[in-house]
Amino acid sequence: MEHKEKKFFPLFVDFTQKRAVVIGGGKIAVRRIQTLLTFVGEITVIAPACTESVKTLCQKGKIIYKQKKFEAEDIENADLVLAVTDNHALNEEIYKICKENNILVNVASNQEKCDFHFPGILEYENVVIGFNGCGKDHKKVAV
Ligand SMILES: C[C@@]1(CC(=O)O)c2cc3[nH]c(cc4nc(cc5[nH]c(cc(n2)[C@H]1CCC(=O)O)[C@@](C)(CC(=O)O)[C@@H]5CCC(=O)O)C(CC(=O)O)=C4CCC(=O)O)c(CCC(=O)O)c3CC(=O)O
Ligand SMILES: NC(=O)C1=CN([C@@H]2O[C@H](COP(=O)(O)OP(=O)(O)OC[C@H]3O[C@@H](n4cnc5c(N)ncnc54)[C@H](O)[C@@H]3O)[C@@H](O)[C@H]2O)C=CC1
């Protein structure tokens with residue numbers, strides 16, 4: 001099966017009872033955690049160092065933060081994984097482990113290693129709109 005123009009289908013998935021594990025606690029991780037907060041049952045962040053916002057979210061009980069380097073067992077029970085470290089080789093390794101274990105994964109440093117793209121999201125009343133630029137221009141989908 002070959003697609004000349006790759007585009008992603010906007011699936012609106014129920015993650016409210018699911019576990020997301022975010023590997024990395026930097027700038028991009030925080031932005032995505034903020035977006036995920038109201039959509040996902042449980043969010044765990046794995047990173048040896050993180051931004052203040054990650055610590056604050058953890059103190060407020062909104063996420064779990066484990067201050068450590070990534071190990072394969074960190075994603076054993078994950079339904080959804082975001083590989084958002086600044087170590088591209090590690091992100092690819094995380095991708096490989098997820099594929100072997102049928103876990104949905106998004107690698108922020110390589111759009112070819114994404115089961116799904118992370119969307120720009122706009123919400124009002126009970127409407128959720130997700131934007132995706134087919135990986136061609138993320139600036140177009142910034143909200
Ligand atoms: C393909 C995709 C896959 C995925 O990661 O899911 C992807 C990929 C990449 N982005 C890169 C860079 C940046 N992306 C942003 C911003 C956003 N990127 C987002 C989504 C996506 N980004 C996915 C779908 C894209 C699409 O729809 O077409 C948003 C919507 C959601 C979110 O991330 O929260 C959010 C805007 C929302 C908002 O702001 O509201 C900024 C700006 C900033 O950080 O301030 C920069 C900094 C650089 C700059 O500004 O130029 C790089 C290069 C990394 C490197 O080489 O280092 C790659 C890697 C690659 O292209 O392979
Ligand atoms: N898709 C997108 O929207 C964008 C993606 N990127 C990519 O996202 C990644 C992260 O970017 P930033 O958040 O700006 O980086 P950052 O430098 O702010 O954060 C990196 C994080 O990775 C963690 N980390 C490093 N080694 C680790 C390990 N062994 N185990 C667990 N965590 C580890 C660090 O502790 C830190 O929390 C980069 O790979 C970059 O290429 C960057 C810009 C936008």
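In this text the structure is predicted, and so the values were computed from the model without any measurement. Both counts, for ligands and for their atoms, begin at 1 and track the order of listing.
Summarising the local packing, NZ of Lys96 is surrounded by 12 or fewer heavy atoms from other residues, nucleotides or ligands at distances under 6.0 Å. Environment of NZ in Lys140: sparse, with no more than 12 heavy atoms of neighbouring residues, nucleotides or ligands closer than 6.0 Å. Crowding of Tyr124 atom OH: a count of heavy atoms from other residues, nucleotides or ligands under 6.0 Å not exceeding 12. Around NZ of Lys60, the count of heavy atoms belonging to other residues, nucleotides or ligands within 6.0 Å does not exceed 12.
A salt bridge links Glu112 with Lys6: the distance from a Lys NZ or Arg NE/NH1/NH2 to an Asp or Glu carboxylate oxygen falls below 4.0 Å. Between Arg19 and Glu76 there is no salt bridge, since no side-chain nitrogen of the basic residue lies less than 4.0 Å from a carboxylate oxygen of the acidic one.
Under the 3.5 Å distance criterion, the side-chain polar atoms of Gln111 are matched with a main-chain donor or acceptor of Gly135.
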Given the rule in the side-chain contact (heavy atoms from CB on, under 4.5 Å) test, do Asp79 and Ile103 qualify, once you have shown the distances and angles that lead to the verdict? CA-CA 6 Å; Asp79 299 298; Ile103 301 169; over 6 Å; no

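Side-chain contact between Asn132 and Val141: absent, with no pair of heavy atoms (C-beta onward) separated by less than 4.5 Å.
The residues lining ligand 1, counting any heavy atom closer than 4.0 Å, are Lys27, Ile28, Arg31, Arg32, Asn106, Ala108, Asn110, Gln111, His117, Phe118, Pro119, Gly120, Asn132, Gly133, Cys134, Gly135, Lys136, Asp137, His138, Lys139, Val141, Ala142, Val143. Under 4.0 Å from any atom of ligand 2, one finds heavy atoms of residues Ile23, Gly24, Gly25, Gly26, Lys27, Ile28, Arg31, Arg32, Ile46, Ala47, Pro48, Ala49, Lys69, Phe70, Val84, Thr85, Asp86, His88, Leu90, Asn91, Ala108, Ser109.
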